[in-house]
Every structure is written in C-alpha cells, then in structure tokens.
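Here is the structure we will look at.
So you know, we letter chains A, B, ... as the sequences are listed, proteins then strands, and number each from 1.
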2 protein chains.
Amino acid sequence: MSEANEPVDGRRARGNKRRAEIIDATLAVVQRDGAAGVTHRTVAKQAGITTSLSTYYFATLDDLLVAALSTVADDYTKRIQDIVDGPGDKLRGLAELIVESGGSGRERALAERELATLAARRPALAAVARRWRENVAELAATLTGDRTAQAALVAASDGLCTAILIDNAPADLNYVYDVLDQAIRSSRGPRGRSA
Amino acid sequence: MSEANEPVDGRRARGNKRRAEIIDATLAVVQRDGAAGVTHRTVAKQAGITTSLSTYYFATLDDLLVAALSTVADDYTKRIQDIVDGPGDKLRGLAELIVESGGSGRERALAERELATLAARRPALAAVARRWRENVAELAATLTGDRTAQAALVAASDGLCTAILIDNAPADLNYVYDVLDQAIRSSRGPRGRSA
DNA sequence: GTACTACTTGTACTAGCGTTCAAGTAATGT
DNA sequence: ACATTACTTGAACGCTAGTACAAGTAGTAC
C-alpha cells in the first residue's frame, strides 16, 4: 500500500492529474475519430494543452495508447469484479454489461474494441488485452467447473459484443442472456470426447 | 449474366486486372503493417506502380478499403459455402476454418479483423461486415433449428477467433471443436424462459 | 492515317505528422 | 535567498501523407 500512492510533492499531484486528463482526452478522440485519429496534436487540442506537453507525459504515441488501453481495461476489470463479488445473478450481470455496449456505452465499447484490435499488433498492448479476457474467464469459472463451458462463455461474450457493435442490433437483454446461458449450459451427455 | 462481365475493350480488361492487383497489394499491406499502414503510396509501392495510378483507380483511400474488405468478405463467403454444401461434418469444417486463423492464415485473419473493426465506423463497410456474420449464421441454421443455439454458435465462432488472434493461442482443433459444440448443444431442460 | 478513349507517369502543392529543444514558470527544499 | 526540480510553452526540424494536374503512351474506332 506504500508504493506510489502518496504524492509528497504538490507538483507531482498536478502532474498525475494531467496524465489522467490526457488519457481521458485520448479516449475521447478514439471515440470520436477512431484509434487512427489519435495524434499528439489531436489529443492535446482535446485536452486543451500544447502538443509538447502531451509528449512530455507520453514520449511516444505508443506510450499514450498503452496507457489509454490500460485505463479502459482497469475500468472493465472493476466492473467484472463487481459482478463476481456481487450478490445477484452473475450471468445476468454479464448480460447487462454486454447490452450496455450497444446502448449508452456504445461509443465507449467501440473505443475499447479499436484499442483491443490494435493490441493484436503491438506486444505491449497485447498483455493488457489478454488480462481483459481473463476477467471474463474468472467470472465464468464461478458459474461452472466445466472448462469447455467456460471457454464457450468467454467466446460468446466477446462475439455478442462484436455482433451488437457491428450489426447495431437492438441488444435485447433477454436475448443476450439466453445466448450466454445457451453457451454455458451443457447436455454433457452422449458426447464426451476422450483426450 | 450480361452485366459487366465482358470487357469488349482490351484496355478495360487490363484495367480490371490492375484493380485486382491493387486490391491484392492493399491486403498485403494490411497484413504487413495493419490497416493504419494503408496509404496510396505504400499500396502503390507494394503493387509496383506509381502513386497516381493508385488514385486513378481508387480516388480516395476509403474506396480502396471498401474494395479490399469486400474482396476479403467474398472469399470468406466462398469458404463458408463450401462447408455448407460439402459432405463432411459442418461443425468440424467451421472449427478448421477458425483454427486456420491462428496458423498459416493468421496474418490474413488479422487483416480481416482490422478491416471489420474499421467497418464499425464506416457505414459503407458495415454492410459488408454484416453479410460476413450472416454466412456463419446460415451455416449454424443447418446444424440446429434452435435460434438461440444458432446465435450462440455465431458468437462463439467470432469470440474464438478473437481469442486465437489476441492470445496467440495454440488453437487446438479439438478444443475449438469442443467449444463450438458446447455452444450449440443444449440441455433444453429445466430452463425455458417464457417470453 | 486521324480522333478518341483508357491508362500511366512525374512533379508539385498543401497539410499534418512525431519529435526535439531552448527557454520560461512555479512549487519545493534548505 | 538560492538551487533544485517539475511542469509548460512556442517554434522548429524532417518527413510523409492525400491529392491534383499536365503530359505522355497505347489500344480502339473510323
């Protein structure tokens, strides 16, 4: 708990605030213009600062994108954890989270997706994107012990999100819930692959 | 059949060939450098032509990307149709298609994914990306009459693809097959949501 | 042949990019 | 007070981008 939490220096506190502001501005730009629209200049303008200040805090654009994706991933992790630790129907909680991607959180979800796609090509981002999926996997593990069912749920969650974003679908909660439920349920009957 | 298939003019035939070459070059660039790396200049260099020629055939970069995504989607459609029409285990065929995304076809799959992500922001591309998913949905319809199970299979296919690309997973065929099977199978038992 | 059309090139323009840097300001420590 | 450190600025560098355009080449039609 005594790591880097207490900014003894008042200037450092302001600096951290700036950093957060810049990351917010970055996400705003991704939401508005896509990941391709992120430049030191557009971000700086969005944040109301000078370009050089943006480079002062994030020397390279990559640093900026990594920071932005990390922040988004952290938020997502928190949401998932809330569902896992919460008292309610976890599967329904997950469904609500997914449906939200098509509603008010659409732009946000789109931004997340663009950053995640970016991750496929940048090792630095890949680690963050992976942790993302592991959060859902963890939630899945609380719902079933069957590893295949867990994997199906994770995959279905991701695929549903894509469907909602691309198809611009109505994103009916019951529908999403049913699909997730379908994915995790198993007849566990006449099948049983050996190895 | 008598639409725009017969190039009376030999020059026009060459032109169409050029167009195809440029699209190929575009896909090659996306595979190598990502969608962000697509510029008239990089594409032209890849195709071994001048920059102006690239703009002659595709006035704007957007035109080029739309054309590229359309081509890729057509290829994909053909692959899916082969599985649907083929004699073998359709689910296994789908699994093989997905696993291929992690193997030799990784770069290709990555390119497809980047273009599809791009689609979320460009209406012109969105239609193409949607047709894509409908192909898998069609395949799913041949495997089960249950609409929820169909949706689960489509979502799982997509999610698995993402997992393989981002996690750089081993992409074991049996594993993928099992997850797909899990998604489409249903106990159809004690559940039965009403509305 | 000549006229026409489709294709192809080289060059040049403007605009925006990432990044650097010397200089300036303000908070902190002593 | 003074030195130190953290933050902030404005200007500039070299580079690449999209695009336009006049000129040239080569098939096609008459």
Side-chain angles (χ1 to χ4, degrees), chain A residues 4-26 28-30 32-69 114-115 118 121-122 124-125, chain B residues 4-26 28-30 32-68 114 118 121-122 124-125:
Chain A
N5 234 1
E6 7 177 1
V8 240
D9 197 328
R11 292 173 297 178
R12 233 128 186 162
R14 273 200 322 169
N16 287 337
K17 203 176 144 209
R18 266 271 189 267
R19 224 180 298 268
E21 281 172 15
I22 294 175
I23 289 177
D24 279 352
T26 304
V29 171
V30 176
R32 183 164 27 84
D33 306 325
V38 173
T39 72
H40 272 138
R41 281 175 170 84
T42 55
V43 168
K45 178 171 255 183
Q46 174 76 30
I49 59 176
T50 57
T51 308
S52 351
L53 196 50
S54 176
T55 69
Y56 173 75
Y57 284 100
F58 302 96
T60 79
L61 262 191
D62 236 73
D63 291 343
L64 192 50
L65 289 171
V66 170
L69 181 57
E114 292 212 347
L115 289 174
L118 223 70
R121 240 170 249 284
R122 315 204 187 195
L125 286 177
Chain B
N5 233 1
E6 6 175 1
V8 240
D9 196 330
R11 290 173 297 177
R12 233 130 186 160
R14 273 200 322 171
N16 288 338
K17 202 176 146 209
R18 266 271 189 267
R19 224 180 297 270
E21 282 173 14
I22 294 174
I23 289 177
D24 278 353
T26 303
V29 171
V30 177
R32 181 163 29 82
D33 306 325
V38 173
T39 72
H40 273 137
R41 281 176 169 84
T42 55
V43 168
K45 177 171 257 183
Q46 174 75 31
I49 59 177
T50 58
T51 307
S52 348
L53 196 50
S54 178
T55 70
Y56 174 75
Y57 284 99
F58 302 95
T60 79
L61 264 189
D62 234 74
D63 292 343
L64 192 50
L65 290 171
V66 170
E114 293 210 345
L118 223 69
R121 237 169 252 284
R122 318 206 186 194
L125 286 177

Look at the side chain of B/Arg41 and the base of D/dG18, then say whether one donor and one acceptor between them are separated by less than 3.5 Å.
yes
Let me know, please, whether A/Ser52 or A/Gly37 comes out on the 5' side of the other along DNA chain C by nearest nucleotide.
A/Gly37
Which part of the nucleic acid does B/Tyr57 contact within heavy-atom distance under 4.0 Å: base, sugar-phosphate only, or nothing?
sugar-phosphate
Would you mind reading off the distance between B/Arg14 atom CZ and C/dT5 atom P, rounded to a whole angstrom?
18 Å
Between the base of D/dG10 and the side chain of A/Thr50, is one N or O donor paired with an acceptor at under 3.5 angstrom?
no
Main-chain N/O of A/Ala44 paired to A/Ser54 side chain as donor or acceptor, under 3.5 Å:
no
Taking A/Glu114 for its side chain and A/Ala35 for its backbone only, find out whether a donor-acceptor pair lies under 3.5 Å.
yes
N/O donor-acceptor pair, side chain A/Thr51 with base D/dG10, under 3.5 angstrom
no
Rounded to whole Å, CG of A/Asp62 lies from P of C/dG18 at a distance of 12 Å
Can you tell me if B/Arg12 touches the phosphate of C/dA6, counting only side-chain N or O atoms and a distance under 4.0 Å to OP1 or OP2?
yes
Compare every heavy atom of A/Ile22 with every heavy atom of A/Leu53, then report the nearest pair and how far apart it is.
O-CD1, 4.3 Å
Taking any heavy-atom pair under 4.0 Å as a contact, classify B/Thr39: base, sugar-phosphate, or nothing.
sugar-phosphate
Rounded to whole angstrom units, what separation is found between the NZ atom of A/Lys45 and the C1' atom of C/dC17?
14 Å
Roughly, in whole Å, what's the span from NZ in B/Lys17 to C1' in D/dG27?
15 Å
Rounded to whole Å, NE2 of B/His40 lies from C1' of C/dT8 at a distance of 15 Å
So which heavy atom on B/Arg19 is nearest to which on B/Phe58, and how close?
CG-CZ, 3.5 Å
In whole Å, what is the span from the CZ atom of B/Phe58 to the C1' atom of C/dC7?
14 Å
How long is the line joining CG of A/Leu53 and P of C/dT19, in whole Å?
15 Å
Value in whole Å for how far the C1' atom of D/dT16 lies from CG of B/Asp33:
14 Å
Could you check whether A/Arg18 gets within reach of a base, just the sugar-phosphate, or nothing at all, counting any heavy atom under 4.0 Å?
sugar-phosphate
Strictly below 4.0 Å: does B/Tyr56 bring a side-chain N or O up to OP1 or OP2 of C/dC7?
yes
Classify B/Ser54 by what it touches in the nucleic acid, base, sugar-phosphate, or nothing, heavy-atom distance under 4.0 Å.
nothing
Report yes or no: does A/Thr42 contribute a side-chain atom to a donor-acceptor pair with the main-chain N or O of A/Val38 at less than 3.5 Å?
no
